[in-house]
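Data first, discussion second: the structure below is written as structure tokens.
Note that this is a predicted model, so its numbers are computed, not measured. Reminder, nothing fancy here: chain letters follow the sequence lines and each chain counts from 1.
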2 protein chains.
Amino acid sequence: MRYHRTDIVERAVGVLDQYGLADLSMRRIASELGLQPSALYHHFGSKQELLAAVADEVLERGARPDAPDTAWDDRVVALSRELRDAMLAYRDGAELVATVHAFGLGVRSPAAPLASAIEAAGFDEAFARTAAMTVLHFVFGHVSDEQTHRQANTAGAIDADPLGRADTASFDLGLSLILEGIRHRAAPVRTARH
Amino acid sequence: MRYHRTDIVERAVGVLDQYGLADLSMRRIASELGLQPSALYHHFGSKQELLAAVADEVLERGARPDAPDTAWDDRVVALSRELRDAMLAYRDGAELVATVHAFGLGVRSPAAPLASAIEAAGFDEAFARTAAMTVLHFVFGHVSDEQTHRQANTAGAIDADPLGRADTASFDLGLSLILEGIRHRAAPVRTARH
DNA sequence: ACCTGAACACCGTTCAAGT
DNA sequence: ACCTGAACACCGTTCAAGT
């Protein structure tokens, strides 16, 4: 059987969702496709490169059209929720996307649309970049926590909040704190001196 | 040679700092101590357990005394900077501590002192927990970014900002956004003194 | 109590060779 | 262009056996 990049990425997304990031190995992807592990290196230079393509695919499947003529803070909320939903849709999605983002790989940068939404509010580029990174770190961290705890609950017996309503509430609350900080364009923290 | 838990943790911290988290393997720690890999399992039930002990050690070495009678927001800033400095002191410190924290392992929880500082301002426990997690996600994410980029720069040729002054500025700015969001939250039950 | 030695079931990656 | 087969240098973990 002859495969293309997209076939391999598609299969890798399946392996991710079924077995988790820890078991998303080159050897397992290859064997699921009926290939030798070495065959994958004809399509991707390294495992990192394949993971970046998988992360891009996860984000692309969760992408929704941006609404540039709505208020900047509504756009930030919409972009953050879109990102959260995209990562929640696949097992270990948050950890995968965060890892790929940390290494600077991947075509889709979730930071760019956040930053431009904040810039559209009239903030300068440097501030918008820092604010966008703050939002992004929050989203990655929160959703990673959600997924590891959801995993722990599924492994155990009962799940008090299977739909994650409490998670959604604390996600919105944490996000609103950062937005409020941006709105009030916080005074820089003082360095304590004695 | 006969070792105790503490000897192994100490050596593991050294391996972490010298080779990074990816090369912090049971086999490498063992060989650095002149032991068989299996010997480590007499002291630790698993690699995860050993990593938790290493993360605790890193945090403990960076611990500074808390100042409970200062303003709540100054305490949050001080705790966040302490955490940042502790993780920056060892290669991949942030990724290690964040991973251990995500799995709910480790004795030292950096979230607890943050939450109690926020509670001391009069906010209820549930809000304080969410606000503390928001701060924590930001700190983990920001410092992880700092360390991966610092790593990339050290591998390359030049480093424009070797002391990370730009990183410190954006750390303080991001942190101040979250603090401003907490401040503008209505209805603290008690009013903070000072 | 603490460690050795050997084994089991895995990894990512390279490379000559096949079609 | 796409893949096989074999190899290299690794992993975490278990377990009987030694002192």
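The side chain of B:H42 sits closest to C:dC3 out of D:dC2, C:dC3, D:dG12. Ranking D:dC3, D:dT13, C:dT4 by closeness to the A:Y3 side chain, first place goes to D:dC3. Listed nucleotides: C:dT14, D:dC3, D:dC11. Nearest to the side chain of B:R28: D:dC11. Set against C:dC2, C:dT13, D:dT4, the side chain of B:H4 has C:dC2 as its closest nucleotide. Comparing C:dC3, D:dT13, C:dG12 against the side chain of A:R27 picks out C:dG12 as the nearest.
Remark: C:dC11 base-pairs with no nucleotide in the shown strands. Criterion, Watson-Crick or G-U wobble with two distances under 3.5 Å. Checking C:dC2 for Watson-Crick or G-U wobble geometry (two distances, each under 3.5 Å) identifies D:dG18 as its partner.
Note that CG of A:L79 and CD of A:E82 are 6.0 Å apart. Values are rounded to the nearest 0.5 Å.
With hydrogens and angles left out, the side-chain atoms of B:R61 and B:Y90 include a donor and acceptor closer than 3.5 Å. Between the side chains of B:S170 and A:R129, no donor-acceptor pair of N or O atoms lies under 3.5 Å.
Taking atom CD1 of B:I29 as the reference point, atom P of D:dC10 lies 16 Å away to the nearest angstrom. C:dC8 atom P lies 17 Å from atom OH of B:Y41, rounded to whole Å. Per the geometry, CG belonging to A:L40 stands 10 Å off P belonging to C:dT13, to the nearest Å. Nucleotide D:dC2 holds its C1' atom 14 Å from the CZ atom of A:F44, rounded to whole Å. At whole-Å resolution of the value, OH in B:Y19 and C1' in D:dC11 are 17 Å apart. Here C:dC10 presents its C1' atom at 14 Å from NZ of B:K47, a figure rounded to the nearest Å. For the pair A:L33 CG and D:dT4 P, the interatomic distance rounds to 10 Å; values are reported in whole Å. Regarding A:Q48, its CD atom lies at a distance of 17 Å from the P atom of C:dC11, rounded to whole Å.
The pair A:E57-A:R5 does not count as a salt bridge, with every side-chain nitrogen at least 4.0 angstrom from each carboxylate oxygen.
Between B:Q36 and the phosphate of C:dC3, there is no side-chain N or O to OP1/OP2 separation shorter than 4.0 Å. Look at B:H43 and you won't find any side-chain N or O under 4.0 angstrom from OP1 or OP2 of C:dA1.
Residue-to-nucleotide contacts include a donor-acceptor pair under 3.5 Å from the side chain of B:S38 to the base of C:dG5. Residue-to-nucleotide contacts include no donor-acceptor pair under 3.5 Å from the side chain of A:S25 to the base of C:dG12.
Other residues, nucleotides and ligands contribute at most 12 non-hydrogen atoms within 6.0 Å of the CD atom of B:E125.
In terms of position on DNA chain D, the residue among B:A39 and B:R2 whose nearest nucleotide sits closer to the 5' end is B:A39.
Geometrically, A:R185 engages A:F127 in a cation-pi contact, judged by NZ or CZ lying under 6.0 Å from the ring centre and within 45° of the ring axis.
Nucleotides C:dC8 and D:dC11, compared at atom C1', are 12 Å apart to the nearest Å.
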